[in-house]
Amino acid sequence: MIVTRTVADVRAALAGRRDGTVGLVPTMGALHAGHLALLAAARERSDTVVTSLFVNPAQFGEPADLNGYPRDERRDLDAAREAGVDVVFAPSAAEMYPPGYQTWVEVTELGVTLEGEHRPGHFRGVATVCLKLFLIVRSELAFFGQKDAQQVDVLRRMVADLELELQLVVVPTVRDADGLALSSRNVLLTPEERRRALALPRALATRDPETARAILEASGLEVDYVAVAPFDPPILAAAVRAGSTRLIDNVPLDEER
Ligand code: AMP
């Protein structure tokens, strides 16, 4: 496994691998079994698997959220190696946004609803970093989790609008045995907050927005939104806060219970 830190180095690492399919798995590190499912899907469908580890400052609002985001690169590199990754791209913020940087991508409508409404600028940061990663790696495939369904919807729009020659592959949400969707942020929950957070998958499993809202409000979680979103597939999505940790989750509405 080759670990690269600069755009020039990741391009050089990929130069000899262009005759096969390249698959990209963008992550912010703190890898868990959800990320591993993406890497496994990428390994199955690609000759070369590239993963990025980059906590993208541009998609965070609160500095405290960015500073408190879990980071453990040594563990991530072990997990990536174990998952059969060929090339890791782990740039610094200055590599991705050098002094003078001023070009941004906005998905103007899909990017300002739901998550975008509660996290202004979030999808501008996501779309920009993903476009940069797509152009740097030039993969045929990019793998994303259904857990972040609106991110998938925003990126699909960007790929279509900008005529990118890239296929997005969506991987189902991986959950803990108790139903909580895996998230790098789960380690920030106290045991009591984690217990309360179980109301989130329980509420969404009702597949009914009013019932879900009632369950969430009774659980002591702060509700940012609960809504049916007209993505492909349509989902029931919610965002809540347990203490200072914000959690999102969704269930596709086209599946059997
Ligand atoms: P993150 O590191 O949180 O930015 O996530 C990187 C990728 O992993 C995104 O495409 C996420 O949607 C995906 N992902 C995160 N959590 C899960 C999960 N529990 N199941 C499946 N995919 C996930």
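We count ligands from 1, going down the list as the structure has it; atoms in each ligand are counted the same way. Keep in mind it's a predicted model, so treat the numbers as computed, not measured. Keep in mind that the numbers below use all heavy atoms, side chains included, and drop hydrogens, waters and symmetry copies.
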>> Could you work out, with salt bridge (charged side-chain N to carboxylate O under 4.0 Å, His left out) as the rule, every residue matching R18, not counting sequence neighbours?
In response: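 Not a single residue meets the salt bridge (charged side-chain N to carboxylate O under 4.0 Å, His left out) criterion with R18.
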When you measure from the side chain of [X] to the backbone of [Y], do you find a donor-acceptor pair of N or O atoms at a distance under 3.5 Å?
X: T4; Y: V88; answer: yes
X: E222; Y: A242; answer: no
X: D176; Y: D178; answer: no

> Which protein residues have a heavy atom under 4.0 Å from ligand 1?
Replying inline: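 Ligand 1 pocket, heavy atoms under 4.0 Å: P26, T27, M28, H32, G34, H35, L38, Y69, F144, G145, K147, D148, Q151, P172, T173, V174, L182.
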>> Would a single hydrophobic cluster contain both L39 and L168, if residues Ile, Leu, Val, Met, Phe, Trp and Tyr are joined by side-chain heavy-atom contacts under 4.5 Å?
In response: no
>> Is any side-chain heavy atom of Q146 closer than 4.5 Å to one of P252?
In response: yes
